[in-house]
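Scroll down for the structure; my scribbles are underneath it.
All of these numbers come straight from a predicted model, not from anything done at the bench. Side-chain atoms are counted along with the backbone in the values below, which use heavy atoms only and exclude waters and symmetry mates.
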Amino acid sequence: PPFFPPLFVTSPRFALLRAGQSSPYPCALNTITLTLAVNLAVQLGSTITVAGFTGATVPGCEAANCAVPIPPAPQGALAEAYGRYGGSGTWDPFEVALTLTASGGTSSGVASVVSFTVRNPLTAQDSPLLQARASRMLLGPNEAELPFEGVGRDLETLLGTFEAVPGHAAPLRVVEARFISRGMGQSTSFPGSVNVLTVTLSTNVPLLAGCGCVLTVSGLAGVTGELPTPALPGPEARRWRGDSCPSSLRSVFTLWSNGTGDALRWASAPAPSDTFWASRGELRPVVGGRLGRSEECPPGGVR
């Protein structure tokens with residue numbers, strides 16, 4: 001017997017609408033993956049707009065109608081599901097929305113997969129409500145529009161990130177940064193002596209260069225004069241590095257005092273070509289080459 005009663009007709013809608021992500025870390029580069037299908041035929045030039053990417057930014061896309069690369073199918077994925085919306089989408093940073101344009105026709109109900117990269121917001125947040133709509137779909141010989149519908153979240157996938165739990169793969173779910181461990185020691189208790197303070201920290205998220213991360217050690221009452229810069233790990237004494245990563249992936253930090261002798265601060269240093277932080281007068285120049293692929297530096301190790 002047929003699955004549906006005779007002449008039963010559904011209304012035009014998305015037959016499949018789901019979104020997930022690759023990283024829940026603050027300020028990290030994050031691959032958003034959309035899986036979608038419409039119960040109408042898709043023609044060349046049909047569009048799907050997904051909106052509601054609250055807090056997300058696309059590197060290099062400060063203006064409206066910015067082209068966002070859409071990579072091909074990853075190794076091991078079903079290649080036929082990729083590439084139906086071309087090699088790029090259009091990002092609107094003001095509406096925080098992505099528009100996809102079909103590069104060819106497909107039958108109704110055929111699922112497509114699209115991935116693109118954003119940068120997560122700096123602070124923790126729950127997964128926002130995404131909505132999708134479609135235009136210029138084919139309903140018989142006529143074109144049809146689909147109004148906004150809610151996008152389903154990936155609440156099952158367990159990411160390979162630190163302390164991952166179900167729900168971290170929901171799009172733009174960003175975990176709160178916190179210390180896993182923190183300790184401090186000194187080299188001497190003798191009065192009036194030069195004292196080397198050693199701070200050992202580990203965090204649940206990567207401390208990414210260029211994201212404006214600042215570590216402050218306060219409450220150093222009784223310290224006299226300007227705090228001297230101690231000898232720090234790394235090739236230059238002014239650098240502070242995370243030892244949990246290979247040297248090419250480590251975040252670079254610069255040390256300075258607040259001038260009153262009661263606090264020390266470290267800040268993540270941008271690439272030497274980035275003048276934003278230097279213009280604020282908060283960071284001393286970082287000697288050396290580019291920072292490398294610090295986005296891949298894992299959390300949870302000694303910093």
Side-chain angles (χ1 to χ4, degrees), residues 18-34 36 47-71 85-101 113-133 148 150-151 153-154 159 161 167-177 203-214 249 251-252 267-280 282-283 290-299:
R18 183 180 173 90
Q21 70 175 4
S22 64
S23 175
Y25 296 144
C27 196
L29 291 179
N30 184 11
T31 300
I32 303 293
T33 300
L34 304 171
L36 43 90
T47 63
I48 293 177
T49 298
V50 184
F53 295 99
T54 304
T57 57
V58 173
C61 281
E62 289 76 25
N65 301 323
C66 177
V68 179
I70 297 176
Y85 288 89
S88 66
T90 301
W91 175 259
D92 187 335
F94 307 107
E95 299 294 332
V96 284
L98 177 73
T99 298
L100 306 168
T101 302
V113 180
V114 173
S115 296
F116 67 106
T117 300
V118 301
R119 186 174 292 279
N120 283 342
L122 292 171
T123 57
Q125 68 175 28
D126 292 328
S127 177
L129 174 63
L130 302 182
Q131 293 187 315
R133 67 179 180 184
F148 274 117
V151 178
R153 302 180 180 96
D154 185 347
L159 299 175
T161 52
H168 281 185
L172 293 177
R173 165 74 165 92
V174 179
V175 299
E176 185 173 5
T203 60
N204 67 323
V205 299
L207 304 179
L208 299 176
C211 287
C213 176
V214 174
L249 306 183
S251 298
V252 179
S268 58
S273 60
D274 189 343
T275 59
F276 172 74
W277 289 101
S279 68
R280 295 181 58 180
E282 294 186 345
L283 296 181
R290 300 184 62 83
L291 300 182
R293 301 169 63 192
S294 60
E295 300 291 352
E296 299 180 7
C297 177

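- Looking only at side-chain heavy atoms (C-beta outward), Leu100 and Thr47 stay at 4.5 Å or farther from each other.
- Here the shortest heavy-atom pairing between Trp91 and Cys61 reads CD1-CB, 3.9 Å.
- Applying the side chain to side chain donor-acceptor pair (under 3.5 Å) definition to pairs two or more places apart or across chains, those involving residues 49-70 are Thr49-Thr99.
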Between Ile32 and Leu98, is the side-chain contact (heavy atoms from CB on, under 4.5 Å) condition met? List the steps.
CA-CA 11 Å; Ile32 303 293; Leu98 177 73; over 6 Å; no
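- The distance from the CG atom of Leu29 to the OG atom of Ser23 is 8.5 Å, given to the nearest 0.5 Å.
- No side-chain heavy atom of Ser88 sits under 4.5 Å from any side-chain heavy atom of Val68.
- Across Ala19 and Leu130, no two heavy atoms sit closer than the pair CB-CD1, 4.0 Å.
- Between the side chain of Gln21 and the backbone N or O of His168 there is at least one donor-acceptor pair closer than 3.5 Å.
- A donor-acceptor contact shorter than 3.5 Å is absent between the side chain of Asp154 and the backbone of Thr33.
- Exactly one of Leu122, Asn120, Thr123, Val174 qualifies for a side-chain contact (heavy atoms from CB on, under 4.5 Å) with Pro26. That residue is Val174.
- A distance-only check finds no donor-acceptor pair linking the side chain of Arg119 to the backbone of Ala28 [under 3.5 Å].
- Closest approach of Val205 and Ala177 over heavy atoms only: CG2-CB, 3.6 Å.
- Annotation: the span from Leu34 atom CG to Ser115 atom OG amounts to 7.5 Å, rounded to 0.5 Å.
- Side chain of Gln131 to backbone of Gly52: no donor-acceptor contact under 3.5 angstrom is found.
- A 4.5 Å side-chain heavy-atom check between Cys66 and Thr90 finds every atom pair outside the cut-off.
- Under the ring-ring contact (aromatic ring centres under 6.0 Å, His included) criterion, Phe116 pairs with Phe53, not counting sequence neighbours.
- Of all heavy-atom pairs between Ala132 and Val50, the closest is CB-CG2, 4.0 Å.
- Note that OH of Tyr25 is 9.0 Å distant from CG of Leu159, once rounded to the nearest 0.5 Å.
- Using a 4.5 Å heavy-atom threshold, the side chains of Arg133 and Ile48 count as separate.
- Residues forming a side-chain hydrogen bond (donor to acceptor under 3.5 Å, both in side chains) with Arg153 (at least two apart in sequence, or on another chain): Ser127.
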